[in-house]
Amino acid sequence: MGQPKRKQSKQRSRKRRGANQFEAFQLSRDQATGTLFKPHYVNPETGMYRGRQVIEIDD
């Protein structure tokens, strides 16, 4: 297996790792209730998806 010719600097390693940071996922706001949920997912508080009731939520 090949070996590196030179030691990789700390700055170079940190630049590479800094470009791959995780970002917080986006949230959508329900127009009826104002709750936040992930887009393209069922709203866990209301059970609605794209204007249709898909899950029955018991209070």
Side-chain angles (χ1 to χ4, degrees):
M1 190 163 134
Q3 296 296 317
K5 286 186 183 258
R6 293 201 168 96
K7 178 181 177 180
Q8 195 172 46
S9 69
K10 295 172 192 170
Q11 182 180 11
R12 186 176 178 92
S13 299
R14 290 173 183 156
K15 279 182 186 177
R16 185 185 66 251
R17 290 188 187 121
N20 296 329
Q21 291 180 346
F22 288 108
E23 295 180 3
F25 51 86
Q26 299 294 317
L27 294 175
S28 295
R29 186 172 299 278
D30 189 359
Q31 294 175 355
T33 61
T35 58
L36 295 174
F37 64 98
K38 293 195 321 188
H40 304 284
Y41 282 79
V42 175
N43 186 345
E45 293 188 24
T46 60
M48 300 286 286
Y49 180 72
R50 298 185 68 183
R52 290 181 284 133
Q53 188 74 33
V54 294
I55 298 175
E56 292 296 325
I57 303 295
D58 295 329
D59 291 328

message: Checking Arg17 now: which residues fulfil side-chain contact (heavy atoms from CB on, under 4.5 Å) with it, not counting sequence neighbours?
response: Ser13

Which atom pairs, one a donor and one an acceptor, fall under 3.5 Å between side chains of residues 42-53 and the rest of the protein, sequence neighbours left out?
unit_1, atom_1, unit_2, atom_2, d
Asn43, OD1, Glu45, N, 3.2
Asn43, ND2, Asp30, OD2, 3.3
Asn43, ND2, Thr35, OG1, 3.0
Asn43, ND2, Thr46, OG1, 3.3
Thr46, OG1, Met48, N, 3.4
Gln53, NE2, Thr46, O, 3.0
Gln53, NE2, Ile55, O, 2.6

- prompt: In chain order, what residues pass the side-chain contact (heavy atoms from CB on, under 4.5 Å) check against Arg12, with sequence neighbours excluded?
  reply: Gln8, Ser9

Linked hydrophobic residues, Met1 as query - side chain contacts closer than 4.5 Å: none

field: All side-chain contact (heavy atoms from CB on, under 4.5 Å) counterparts of Tyr41, not counting sequence neighbours
entry: Lys38

message: Test question: given the 4.5 Å side-chain rule for I, L, V, M, F, W and Y, name all other residues clustered with Phe37, or answer none.
response: none

